[in-house]
There are 2 protein chains.
Amino acid sequence: MHLVTEQPVTASDKTFIQLRQDIVEGDIQSGSKLSETELANRYAVSRAIVREAINRLENCHLVERKPNVGARVVALSPERLVSLYQVRESLEGMAARLAATNMSDDEIDNLQALLSTHLQTVQSGETYYQEAGDVDFHYRIILGSKNDHLISMLIEGIYHLIRMYRVQLGMAGPRVTTAFDEHRSIAQAIDNRDGELAEMLMRRHIFYTRNNLEQKLLEAVG
Amino acid sequence: MHLVTEQPVTASDKTFIQLRQDIVEGDIQSGSKLSETELANRYAVSRAIVREAINRLENCHLVERKPNVGARVVALSPERLVSLYQVRESLEGMAARLAATNMSDDEIDNLQALLSTHLQTVQSGETYYQEAGDVDFHYRIILGSKNDHLISMLIEGIYHLIRMYRVQLGMAGPRVTTAFDEHRSIAQAIDNRDGELAEMLMRRHIFYTRNNLEQKLLEAVG
DNA sequence: GTCGATAAAATTGTCGACAATATAGCCAAA
DNA sequence: TTTGGCTATATTGTCGACAATTTTATCGAC
């Protein structure tokens, strides 16, 4: 049981995924310019491939493009973080509410099982949970909403930008344990088919996360 | 005072906008296949331009593309309408709430003025209001939220798909007058800086609209 | 007549070259 | 020294041709 793997079939797919990873993980610095020729050399593909990849990244809000000028990796800023997390709070809150209705019993069992393994990981002090585990939890609830547009907007739309903030600001410290408890409450509300509560808990959870990230960002930037 | 005009600078922009319009207005039938070569001839541009336009349309959820197979215009269905409007209700509800806080006094005055002209148009029995007028009203509130991500997701993301349902199903009948009253209530709540009420009224307004469209869609399809 | 394999046609994916635009550097005039 | 415009350079936008893949058509076996 793991993250959904998007299967790259075309060269453009592979480049898109690679480039996205390099941006999210900070190998390509936030705010830097994306030269089509340079990237074409770097990934050993034609410029057309790179162009298409960049276009797709624009929809994920990971790069910004100006006609006849070029594309830049987005800059992380407190203002953008807030506006992003406002949207996230609304959409994932909705996802949690819908998931409480639309997830199958099996899916909920699997969600609970996932949390059990997370508990062990947290207790063992591993770092796994910080990124992949959290993403996986949210991922499943989003998919559990069974709302295609919602799923698309979150996963293809803003999820990797959210990851970018998390990865580049780091998610360590006491927040990890707290977040795990919040996850468990949310899962329990879904298990009880209590959509309203699930939404409220999810919104609150995301709000806390935002405050945590915002603080780190302010420390980092000044 | 009218809709924000996106300024097309490149040939790709123009083709994108033209193709989008042809899809939204039904000149290219919903569900039909988009042949790159055919469209290249039709719009007198190269295939590369058409490809880029189609890629952009995919992000608006107006076409679906399969690797090595091609792109099709999305099919309108009651299920998709519901999932789309669920998202819309959440996002535009949020927009209304934020707009109540973030719109300037001048912007609110302009919004009220817009409604006055709409009133005249409705009373005179013109059809103007059905499409452009309504879009313009929502448009301004979305922009009034001042949340860049929200604005982008709504306007570049799903707005033209919403328009597609409205245009192709038609928005006539008694709903027009009712909707106008709902618009006025929303504007008043924003004027009073009452974000919670604005959100609630907006959500309800969109919910009504959805029911109206769903009914028409069921009549049309069977 | 149906089914499966094979070959032909059509469509999408990819590439390198050229055109158009923006950027950087240079020179001259104030 | 600074400013303005011009030239040279670099980067993006666009195109047509070729490669890879899918779809359609053809044919033979059962």
Side-chain angles (χ1 to χ4, degrees), chain A residues 5-23 27-75 152 156, chain B residues 5-23 27-75 152 156:
Chain A
T5 55
E6 30 184 5
Q7 200 68 309
V9 2
T10 161
S12 194
D13 292 340
K14 298 191 189 89
T15 307
F16 164 62
I17 291 177
Q18 182 66 50
L19 184 53
R20 185 181 64 190
Q21 177 176 329
D22 290 347
I23 290 175
D27 294 343
I28 298 179
Q29 201 166 22
S30 136
S32 64
K33 182 160 180 0
L34 292 175
S35 158
E36 296 182 355
T37 323
E38 184 190 325
L39 292 174
N41 293 335
R42 176 169 177 168
Y43 297 119
V45 290
S46 78
R47 257 189 62 219
I49 302 293
V50 172
R51 272 181 74 82
E52 189 167 328
I54 290 180
N55 277 332
R56 289 207 236 170
L57 288 170
E58 198 181 8
N59 311 322
C60 309
H61 307 259
L62 285 172
V63 313
E64 288 168 348
R65 163 168 259 171
K66 281 184 187 172
N68 287 315
V69 173
R72 305 192 79 88
V73 180
V74 294
S152 162
E156 286 157 34
Chain B
T5 55
E6 31 184 3
Q7 201 67 309
V9 5
T10 161
S12 196
D13 292 340
K14 299 189 189 90
T15 307
F16 164 63
I17 292 177
Q18 182 66 50
L19 184 53
R20 185 181 65 189
Q21 177 175 329
D22 290 348
I23 289 175
D27 293 345
I28 298 179
Q29 201 165 21
S30 135
S32 64
K33 183 163 183 350
L34 292 176
S35 158
E36 296 182 355
T37 324
E38 184 190 325
L39 291 174
N41 292 335
R42 175 169 178 169
Y43 297 119
V45 290
S46 78
R47 258 188 61 218
I49 303 293
V50 172
R51 272 182 74 83
E52 189 167 328
I54 290 180
N55 278 332
R56 290 207 236 169
L57 288 170
E58 198 180 7
N59 313 320
C60 309
H61 307 259
L62 285 171
V63 314
E64 288 167 348
R65 162 169 260 170
K66 282 185 186 172
N68 287 315
V69 173
R72 306 192 79 89
V73 180
V74 294
S152 162
E156 287 157 33

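Here is how names work: the chains are called A, B, and so on, in the same order as the sequence lines, proteins then strands, and each is numbered from 1.
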Nearest-Å distance, CG (B/Asn68) to C1' (C/dG13)?
7 Å

Heavy-atom side-chain contact between B/Lys33 and B/Glu38 under 4.5 Å:
no

Can you tell me how far P of C/dT11 sits from CG of B/Asn41, to the nearest Å?
11 Å

Rounded interatomic separation in angstrom, taking CG from A/Leu39 and C1' from C/dC15
17 Å

Whole Å only: how far is the NZ atom of A/Lys14 from the P atom of C/dG13?
13 Å

NA contact type, B/Leu34, heavy-atom cut-off 4.0 Å: base, sugar-phosphate, or nothing?
sugar-phosphate

With side chains defined as the heavy atoms from C-beta onward, is the minimum distance between B/Arg20 and B/Leu62 less than 4.5 Å?
yes

Report the distance from atom CD1 of A/Ile49 to atom CG of A/Leu39, rounding to the nearest 0.5 Å.
13.0 Å

Atom CZ of A/Arg72 to atom P of C/dT23: distance rounded to whole Å?
11 Å

5'-most contact on DNA chain D (nearest-nucleotide basis), A/Ala71 vs A/Ala48, goes to A/Ala71

Rounding to a whole Å, what distance do you find between A/Arg51:CZ and C/dA17:P?
17 Å

As a test of reading the structure: which of C/dC15, D/dG13, D/dG16 is closest to the side chain of B/Ser46, going by heavy atoms?
D/dG16

OP1 or OP2 of C/dT14 sitting under 4.0 Å from any side-chain N/O of A/Thr10?
yes

Look at the side chain of A/Ala11 and decide which nucleotide, out of C/dT14, D/dT14, C/dT11, has an atom nearest to it.
C/dT14

Can you find a heavy atom in the side chain of A/Thr10 that is under 4.5 Å from one in the side chain of B/Asn68?
no

Once you round it to whole Å, what is the distance between P of D/dT21 and CZ of B/Arg65?
17 Å

Choosing from D/dT11, D/dT14, C/dT12, which nucleotide comes nearest the side chain of B/Ser35?
C/dT12

Rounded distance (Å) that lies between atom P of C/dT12 and atom CD of B/Glu38:
10 Å

Is the shortest side-chain N/O distance from B/Arg47 to OP1 or OP2 of D/dC15 below 4.0 Å?
no

Check every atom of D/dC15, C/dC15, D/dG13 against the side chain of B/Val45 and return the nucleotide holding the closest atom.
D/dC15

I want to verify a distance call: between D/dT12, D/dT23, C/dT11, whose nearest atom is closest to the B/Val69 side chain?
D/dT23

Does A/Lys66 put a side-chain nitrogen or oxygen below 4.0 Å from OP1 or OP2 of C/dT23?
no

Between B/Asn59 and A/Arg56, do the side chains contain an N or O donor and an N or O acceptor separated by less than 3.5 Å?
no

